[in-house]
Amino acid sequence: MAGFMDWEFAEVMLQGYPGGGYCEDVPADDTPTPDAQPAPDEAAPRVLRIAYVAGVTPGKWIRRWEERMPHIPLEAFMIDDDAQREVLDDGRAHMGFVRLPIDREGLSVIPLYEEQPVVVAPKGHEISVFEEVALADLAQESFLDAAALGGPEAALQVVASGAGLLILPMSVARHFNVKDTVARRLTGAEGTEIALAWPAEATDDVLEEFIGVVRGRTAQSSRQPSAQPQKVKKEPKPDRRGTGTKKAPKVAQRYAPNPDKGRGKGSRKKGKR
């Protein structure tokens, strides 16, 4: 009796397992079976990354891009002048607003505009009484090197202390706007230029679209990739022949008509034979 109850209990317990297998045949975790295929990951959306040096204000171009290409996000970030080539080489940025000169090897470069140079002096310096200063009139002054001091922001702090003067693009001096300094337009000094640069081998429709935005092309310009008409594949013509059984031709089509049929001897028109 006890043996019979044991077998009955085992049979009831096995009904809860797939295929009626024993406990050791059932996986202990949720590991998928070899036949189960994981769902493929969706392709990550394209993101356009733009770098720019201090003094460049890319806001207007970003707004135009967001209006025309809302399906491609744009990320912009500021970099130091000494890193403007590096971010393009290592892929951190797809394009960059750079300050010339720059090593152009392997790059496509489009010059955009020239920057106005200014001379920055400590507050109270004699140049503050002028609106514009000639470089020749500052021959006796001591000038600082922004790169040697760790960049323009650090160099402006040194200027504020009265250690010397500094020549910068006007946009850079306005961007950092260090207290206790004064800036005046400078004539006779070599200016700088802002350009748009990107790796030459990376050109595609997305980059071409951004180039058009920066250069002021309208959304309907024929040079904009987004304005190009999309080629629509023609639908194949429907098969009008059908797939059913062909109907037998009518008697009138099966046999050629006989012009003499049903006419008497004199029914033919007279004429040359």
Side-chain angles (χ1 to χ4, degrees), residues 49-59 61-62 75-128 130-200 202 214:
R49 296 188 298 274
I50 304 296
Y52 61 94
V53 293
V56 176
T57 53
W61 298 311
I62 295 174
E75 296 177 356
F77 57 95
M78 193 174 72
I79 54 171
D80 295 331
D81 285 22
D82 56 1
Q84 58 185 9
R85 174 67 197 244
E86 181 182 342
V87 296
L88 296 174
D89 290 339
D90 61 22
R92 279 181 286 166
H94 298 116
M95 308 183 84
F97 291 99
V98 300
R99 181 167 285 113
L100 300 180
I102 188 175
D103 179 12
R104 300 195 181 199
E105 182 68 26
L107 293 182
S108 294
V109 180
I110 299 178
L112 297 176
Y113 59 89
E114 293 184 358
E115 296 179 292
Q116 169 65 47
V118 296
V119 56
V120 185
K123 192 173 182 179
H125 192 277
E126 60 183 8
I127 69 167
S128 60
F130 302 97
E131 293 184 359
E132 188 176 271
V133 181
L135 181 61
D137 295 336
L138 302 174
Q140 303 302 319
E141 297 286 347
S142 175
F143 286 92
L144 304 174
D145 184 352
L149 294 173
E153 186 174 16
L156 285 169
Q157 297 291 346
V158 177
V159 171
S161 69
L165 306 186
L166 184 64
I167 298 176
L168 288 175
M170 179 184 289
S171 59
V172 176
R174 287 179 174 176
H175 175 79
F176 293 109
N177 192 26
V178 174
K179 188 179 179 181
D180 295 330
T181 62
V182 59
R184 291 293 181 264
R185 290 176 178 267
L186 185 64
T187 62
E190 185 177 355
T192 52
E193 193 171 10
I194 295 297
L196 183 63
W198 68 96
V214 173

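- Taking OG1 from T192 and CD from E114, the interatomic distance works out to 8.5 Å, rounded to the nearest 0.5 Å.
- Between A54 and V172 the shortest heavy-atom distance is O-CG2, 3.5 Å.
- Contact detail for I62 and A76: the closest heavy-atom pair is CD1-CB, 3.7 Å.
- Side-chain contact between I194 and L100: absent, with no pair of heavy atoms (C-beta onward) separated by less than 4.5 Å.
- In terms of heavy-atom proximity, P117 sits nearest to A189 at CG-O, 4.3 Å.
- Residues P122 and L165 form a side-chain contact, since some pair of their non-hydrogen atoms from C-beta on lies under 4.5 Å apart.
- When side chains are defined from C-beta on, V182 does not count as touching V120, because their heavy atoms never get closer than 4.5 Å.
- Contact annotation: the side chain of V133 approaches that of L138 to within less than 4.5 Å [non-hydrogen atoms, C-beta and beyond].
- In this structure, I167 and L186 have side chains that are in contact, with non-hydrogen atoms separated by less than 4.5 Å.
- Listed by first and then second residue, the ring pair (Phe, Tyr, Trp, His ring centres under 6.0 Å) pairs that reach into residues 81-114 are W61-F97, sequence neighbours excluded.
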Return all side-chain donor-acceptor pairs below 3.5 angstrom for residues 80-89, not counting sequence neighbours, or 'none' if the list is empty.
| unit_1 | atom_1 | unit_2 | atom_2 | d |
| --- | --- | --- | --- | --- |
| D81 | OD1 | R99 | NH1 | 3.2 |
| D81 | OD2 | R99 | NH1 | 3.0 |
| Q84 | OE1 | R99 | N | 2.8 |
| Q84 | NE2 | R99 | O | 2.9 |
| R85 | NE | D89 | OD1 | 2.9 |
| R85 | NE | D89 | OD2 | 3.1 |
| R85 | NH1 | D103 | O | 2.5 |
| R85 | NH1 | E105 | O | 3.0 |
| R85 | NH2 | D89 | OD1 | 3.3 |
| R85 | NH2 | E105 | O | 2.6 |
| E86 | OE2 | R92 | NH2 | 3.2 |

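- Among all heavy-atom pairs drawn from V118 and A173, the shortest one is CG2-CB, 4.0 Å.
- Side-chain contact check for V178 versus V159: every heavy-atom pair is 4.5 Å or farther apart.
- Atom OG1 of residue T181 and atom CD of residue Q157 lie 8.5 Å apart, to the nearest 0.5 angstrom.
- Dense packing is recorded around CZ of F77, with more than 12 heavy atoms of other residues, nucleotides or ligands lying under 6.0 Å away.
- Pairs passing the salt bridge (Lys or Arg N to Asp or Glu O under 4.0 Å) check and including a residue from residues 148-161, sequence neighbours excluded, do not occur.
- Pairs of residues two or more places apart, or lying in two chains, never qualify as salt bridge (Lys or Arg N to Asp or Glu O under 4.0 Å) while including a residue from residues 156-184.
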M95/L196 under side chain to side chain contact (heavy atoms under 4.5 Å, CB included): CA gap, chis, key distance, verdict: CA-CA 7 Å; M95 308 183 84; L196 183 63; 3.8 Å; yes
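- Pairing each heavy atom of P111 with each of E193, the nearest pair is CB-OE2, 3.3 Å.
- Taking CG of L166 as the start and CG of D145 as the end, the distance is 8.5 Å to the nearest 0.5 Å.
- I127 CD1 to R185 CZ: the interatomic distance, rounded to the nearest 0.5 Å, is 13.5 Å.
- Contact record, V109 with A195: CG1-CB, 3.7 Å, taken as the closest heavy-atom pair.
- Judged as a ring pair (Phe, Tyr, Trp, His ring centres under 6.0 Å), not a single pair has a partner in residues 142-192 (not counting sequence neighbours).
- Scanning for side chain to side chain contact (heavy atoms under 4.5 Å, CB included) contacts around A134 gives D137, T187, with sequence neighbours left out.
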